Amino acid sequence: MEKIYLSDAGPKVSPAIYGFYRWNELSNDTSSEMERIVNLCLDLGINTFDHADIYGDYGIEALFGELIAKKSFKREDIVLFTKCGLRTPSTKYPEVRVEHLDTSAEHIIASVESSLKKLKTDYIDIFLLNHLDPIANLEETASALLKLKTSGKVKNIGITNFSVFEHQLLASYLNIPIVTNHIELNLLNTSALDSGQIDYIKQRYMRPLASAPLAEGRIASGTDAVAVKVRTKLEEIAPKYGVDIESLAVAWLVKLGALPLIGTKNDQRIKNIAASFAIDLDRQDWYELYQAGK
C-alpha cells in the first residue's frame, strides 16, 4: 500500500489502519495472536496501528511494546496512534468507580507517560483525545497537548468521536493542527454524513478514520432488515468487480475519502479490507449502496 498524508499537516500513514479497540479480553495466547496479526498487516502494507490506554483492560499497549522490543520490525517503519480521555472501571485502577471522561491536563500528561513506557518508545506519532470531557478546563487541556508536542513526545494531535461543534471548540483553543477525527462510519451507519462530520473533517483538510468499517461483522452476517438489504445489494454488485462483498463495502468508504480502521481478528476479513483499495467503485454503484443503507 502506498502511504498517504492523513491531513495537510501530516503525517503519512497506510490507507488502512489496524486498531485494537475490540481486543477486550486478554489471555496467554494474546501475545502470539497479536504478533501474527501485526505481521499479517505489515505483509499487506498496513504499518499504522491504533491504541488507547484502556484497550484490553489497560493491557494492550504493553503487549505491543513487547513486539517493538523484540525488534521484529523497526520502530521508525510503523506509525503509532494512542489516546486517552475515556476512563473505565478496572481492578488496575480501583479509584475509577464509574465510566467517565477525563481530559484534564494532569490525566493527559500521566497517560502519555504511561503509554510511552508501555509501548517502549520515545514518541507517539498521533495522540488523540478519546471524546471531549464537557467539564474539562480546555485552556489547560490545550496547554498540555502543546507541551507534549513541543517536547517531541507527541508528534501530532487527533480526536476521537468528536461532533462538529466539539471539534470546533477544541480547535479554537489550539494553535497546533488537529490531524484526524475517528468516527464510526460504514454502510449500516452513515450518520456522520448526515450530521456534517464528514463535511467538516474535509473542510479542515483531514481524512476521516472510519471505525467499524464492516459494522462489526453485521454487513456479512447481520440478520436485521437493513443489514440484509445492504448485503443483498452488495451481492448484486460484487460480481461486476469480481470481489468479496466485504471488500466492496470498504471500497464504498474509500471512495468517500475515509481510511478504514480495522478491528477484526479474522485474517480473511483483514485481507478483504486490504483488497478494497484496488476497486474503482462506479459513482452510481456508490449511490445504490448508500441508498440501500438508508
Side-chain angles (χ1 to χ4, degrees), residues 6 11-14 16-27 30-42 46-70 72-88 90 92-93 96 99 101-103 107-131 145 148-149 152-162 178-184 209-213 259-265 270 273:
L6 189 55
K12 277 191 169 183
V13 298
S14 51
I17 294 162
Y18 190 87
F20 293 91
Y21 54 97
R22 290 173 63 188
W23 291 56
N24 300 318
E25 297 181 5
L26 306 186
S27 68
T30 302
S31 183
S32 58
E33 184 177 32
M34 177 183 285
E35 185 169 15
R36 174 180 60 79
I37 287 180
V38 168
N39 286 331
L40 171 62
C41 286
L42 292 172
I46 301 168
N47 77 328
T48 308
F49 299 94
D50 177 65
H51 292 273
D53 54 352
I54 61 172
Y55 291 168
D57 189 28
Y58 298 86
I60 282 293
E61 288 179 318
L63 289 179
F64 196 90
E66 291 175 9
L67 275 186
I68 291 177
K70 286 178 68 174
S72 54
F73 51 83
K74 295 179 180 179
R75 168 64 182 93
E76 59 268 26
D77 290 340
I78 64 169
V79 181
L80 284 182
F81 291 50
T82 197
K83 61 188 78 67
C84 83
L86 178 62
R87 304 200 69 183
T88 55
S90 168
K92 297 174 182 176
Y93 295 95
V96 179
E99 183 173 291
L101 300 176
D102 185 354
T103 53
H107 179 60
I108 289 171
I109 297 294
S111 180
V112 168
E113 294 293 349
S114 174
S115 292
L116 290 170
K117 183 177 179 180
K118 290 179 179 178
L119 289 166
K120 292 182 169 54
T121 184
D122 297 327
Y123 64 96
I124 295 163
D125 294 284
I126 305 171
F127 176 72
L128 307 101
L129 292 186
N130 196 358
H131 296 77
L145 294 173
L148 288 167
K149 190 174 189 306
K153 293 178 180 179
V154 167
K155 301 297 185 182
N156 300 275
I157 301 299
I159 53 180
T160 301
N161 295 311
F162 274 48
I178 296 171
V179 300
T180 188
N181 187 5
H182 288 197
I183 55 175
E184 183 171 341
L209 261 69
S211 63
L259 308 185
L261 183 59
I262 306 168
T264 181
K265 297 180 183 180
I270 294 171
I273 292 173

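Because the structure is predicted, anything quoted here is derived from the model rather than measured.
In summary, Lys83 and Asp50 engage in a salt bridge, as defined by a charged side-chain N under 4.0 Å from a carboxylate O. Salt bridge annotation for Asp125-Lys12: absent, with no cationic side-chain nitrogen under 4.0 angstrom from a carboxylate oxygen. Taking the charged nitrogens against the carboxylate oxygens, Glu61 and Lys117 have no contact shorter than 4.0 Å, which rules out a salt bridge.
Contact record, Ser31 with Glu66: OG-OE1, 4.1 Å, taken as the closest heavy-atom pair. Across all non-hydrogen atoms, the minimal contact from Tyr123 to Gly152 is CB-O, 3.5 Å.
Counting non-hydrogen atoms of other residues, nucleotides and ligands closer than 6.0 Å to NZ of Lys265 gives a total above 12. Shown here is Asp77, whose CG atom has more than 12 heavy atoms of other residues, nucleotides or ligands within 6.0 Å.
For the atom pair Leu80 CG and Ile126 CD1, the distance stands at 9.5 Å (nearest 0.5 Å).
In this structure, Asn47 and Val79 have side chains that are in contact, with non-hydrogen atoms separated by less than 4.5 Å. In this structure, Asp122 and Leu116 have side chains that are not in contact, with every pair of non-hydrogen atoms separated by 4.5 Å or more.
Applying the side-chain hydrogen bond (donor to acceptor under 3.5 Å, both in side chains) criterion to Lys92, with sequence neighbours excluded, gives no partner residue.
By the 30° and 60° cut-offs, the orientation of the rings of Tyr18 relative to Trp23 is perpendicular.
Aromatic pair His51/Phe81: ring centres not closer than 6.0 Å.
Each of Ile37, Leu42, Val13 was compared with Phe49 under the side chain to side chain contact (heavy atoms under 4.5 Å, CB included) criterion, and only Leu42 meets it.
Within the cation-pi definition used here (under 6.0 Å to the ring centroid, within 45° of the axis), Arg22 does not qualify as a partner of Tyr55.
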